[in-house]
Every structure is written in structure tokens, then in C-alpha cells.
Trainee: 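Here it is: the structure, laid out below.
Here is how names work: the chains are called A, B, and so on, in the same order as the sequence lines, proteins then strands, and each is numbered from 1. Because the structure is a prediction, the values reported are computed rather than measured.
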2 protein chains.
Amino acid sequence: MNRDAIQHALGHHFGDQHLLEQALTHRSFGIPHNERLEFIGDGLLNCVIALALYQRFPELDEGSLSRLRAGLVKQESLHQLALKLDVGQALRLGEGELRSGGHRRPSILADAMEALFGATYLDAGFTVVQGVITRLYTEMIAAIDPKHAGKDPKTSLQEWLQGHHQALPHYEMLNIRGEAHAQEFEVVCRLVDLGFETTGLGPSRRAAEQQAARGALDRIEAL
Amino acid sequence: MNRDAIQHALGHHFGDQHLLEQALTHRSFGIPHNERLEFIGDGLLNCVIALALYQRFPELDEGSLSRLRAGLVKQESLHQLALKLDVGQALRLGEGELRSGGHRRPSILADAMEALFGATYLDAGFTVVQGVITRLYTEMIAAIDPKHAGKDPKTSLQEWLQGHHQALPHYEMLNIRGEAHAQEFEVVCRLVDLGFETTGLGPSRRAAEQQAARGALDRIEAL
């Protein structure tokens, strides 16, 4: 049942259901588990995303493409995909992992996603797994703003300011709200030469600064 | 002429010769250069080597496979392939790079190898570039000793000694020969408990130690 939904979401029905089962088996459950599949899945993912970005952004240089890829293949992105496919429900985990909530752990879910890519390759070849990965990443790739592609907002903002001989931004913490395990940071980004400031919120100082910088870039583009 | 030899050695004749030319063009020469091709070539290489190792070593775990792959895709290995294909003779470099011997620089040659893989994919697809890379790496993969697969000799030796409750090896520099730009190091690896020693030569202290450790492992296997 769960496995049917995963195969539907992947867009690939496994000829060899043992491969699917292995991809969904954490090492805590027993052998054969999904670590070797994860190894090839990681290679396939990196390769397919590189090819997709190369085609999608003909104007970007190697460094920008590398930064973009890093953002797409990182654990957090894979974790999001795993949630979308509800991979956690179908995972086979040892008792200890089950009790400690292993089926919700981002690293375990991200690894299982990669293992699913590896299993798809073994089941059906490169073209099929390329199609699967490209479809799953369609939205994330479409959401990339080519103007700032591959650079985080703080870097983009700094580069724009330097290129226009403007003073660099000052970031300052305004506020920390919430309890220790769920803090929210508020940061202001002051652009003295441009005469405006923006604020950003986030679960870390860095995230809040990036959001403030993103706001500043949006203001600059609207100038 | 040079390009024909490279295509012969790759085992792929380019339908689009512009792709081959671009793969052989360093950024110092002008645009279009090979850096974007290198980006996808790197992804393809990592992926194809991962798949080859997965098939070749069904008994190895993910960590060992990763270590093996790192050894095969590193600059030094790509540089060796580039020398074999005589890629340097066909490289297009700017004048400054030419004068400073850029066509012999390992990083430039390794990057060009990756760009050739990227260009092959664009010219002919995944199956063809997979064949090209797998053929070029046949010897290097065949030379991997599955008993020590994925581990460098010093690590393997240390693990064997610990597993057999023997004293750890002592490495000592015996000699440094040659002029500053082409030094050769000679190192001895002493195994007190086993009552023998081996020596190693190499272009660095580390390389010499690894060779000495490899010799010790060979002796141990012959015991």
C-alpha cells in the first residue's frame, strides 16, 4: 500500500520489488540494507542535477552551478522530497530506531531517498532515474532565481554594492523571541548609502540576515 | 591530428567537433572554454565510477566504496589519464599559460579530462560516456586489491597489526635524493614484533610511507 504510493510518486513501478524493499531498509533492520544503494544514488543524484542545471542555466559559470547543485542535493532538500513522498511510513527500521523516531529523522529519510534513486537505476537504467530525479526536482529548479542563482542573498548583495561603489551593509540583531528550543531572530540590514533598511526573521541569526539581504536585493531591483 | 589520437584513445569520435574543441580550451584562451563542461564531466565521472565499483565489489560497504572512488576521481588519477591520452598536446591555452607550461600542469590536464567526459555525454549520451570512462579506468579498477579495498596501505597495515595485537609500525626517513623540484624520498617501515622491515620510495614522504606499508602488507600476506 505505502509502497504503491511511493512508486506512484516516483513515477516508476519497480520490476524487481526486492530493490524497492532494500532501498527502504535501514541498516538497523538488518541485511540487505540500503547503504550501498545510497552510495550509487548519491552519485546519480549529483550527476543528474548537474546535467539539469547545465541545460537550464546556459549563462552560469561553473562556480555558480556548483553552489546551486550543493543547495539541491543537500540533506535538507532530500528530506523535503522524502516528506512529500511519505517515505517514512514505508521505512523498515530496527526496534531501537523505531522507538526513537528514526522514521522521522532527516538523515535517515534523506539517505532513503538516495537509495530509492540507486534502486531505480538498477531496476530500469539511467534514463529512467534521470526522469525520476528531474521530475521530483522540477519545482525546486523552477524556483531558482537566475539573477542570484548559486549565490546566497548576503553574497549577492555585497557584490552588487561593491560593483556600484556603495558602502557595505550593516547587520544588527534587533530581537530574539521565543523559548530556547524555538527561537526566532530578527535582524536589520542597514544600507547607509542607499538610505533604506530591511529586516529579516529566521530560526538563526544567519537565516535572519539572509532574509534581510534578500529583502534589500528586492528593493534594489525595484529602484 | 592530435585530436584524432585523443578521440581514438577515448573510443569516441565526436559528431560535433566543436564540443571536442571546447573541452580542450582552457579559460585563458577565451570563450567558449571548458569549465562548464568540466562541471558536468565531474558529475558524470563520480557517478560512473560509483556504479562501476558497486558492481565490481559486491561485498564492500558504502564507506569503503567512497574511499575507493575518492582515489579514482582525484586529480592525480585524472592527470595520469590525461598523460596517457596526451591531452596536453591538443590543449588550447592563452599565451601566458603556454609560456608558464600550462599544458603540463596537473590541474589543467585533469580539468580537461573531466571536460572531455562532459563533452562526450553531450555528444552521445550517458551510455557512451559510461563506456568511455569505464574503459579508461579498467586497469586502475582491476589493480584494486579487494582485501585492502578502499583503505590506504598505512591504514590497512595498522588495522591488521591492531587486530593481531602487534606493535604499530615505526616509519623513518632514510634518505632524500634529487633536486628541489624532483625529490625522491626513501622511508623505512619497521615492524618490531614481526621482526622485519620494508622500504618505500616516492615523490613525497607520505607516498614513500604508503609504499613501504604496501610492501609490509605483501610480506604479511606471504607469511
Trainee: Do you know which of A:Leu45, A:Ile40, A:Ile49, A:Leu44 has the most heavy-atom pairs under 4.5 Å to chain B?
Mentor: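 It is A:Ile40.
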Trainee: So, taking the atom named CG in A:Leu60 and the one named CZ in B:Phe39, what distance separates them when rounded to the nearest 0.5 Å?
Mentor: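 Going from CG on A:Leu60 over to CZ on B:Phe39, the span is 9.5 Å.
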Trainee: For B:Ala119, give me all partners under side-chain contact (heavy atoms from CB on, under 4.5 Å), at least two apart in sequence or on another chain.
Mentor: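 Once residues adjacent in sequence are excluded, the partners of B:Ala119 under the side-chain contact (heavy atoms from CB on, under 4.5 Å) criterion are B:Phe14, B:Leu19, B:Ala23, B:Leu37.
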Trainee: Inter-chain polar pairs, chain A versus chain B: which donor-acceptor atoms lie under 3.5 Å apart?
Mentor:
unit_1	atom_1	unit_2	atom_2	d
A:Arg36	NH1	B:Phe57	O	2.8
A:Arg36	NH1	B:Leu60	O	2.9
A:Arg36	NH2	B:Tyr54	O	2.9
A:Tyr54	O	B:Arg36	NH2	2.9
A:Phe57	O	B:Arg36	NH1	2.8
A:Leu60	O	B:Arg36	NH1	2.9
A:Tyr121	OH	B:Gln130	NE2	3.3
A:Gln130	NE2	B:Tyr121	OH	3.3

Trainee: Can you see which heavy atom on A:Gly43 is nearest to which on B:Cys47, and at what distance?
Mentor: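 In terms of heavy atoms, the two residues are closest at O-CB, 3.5 Å.
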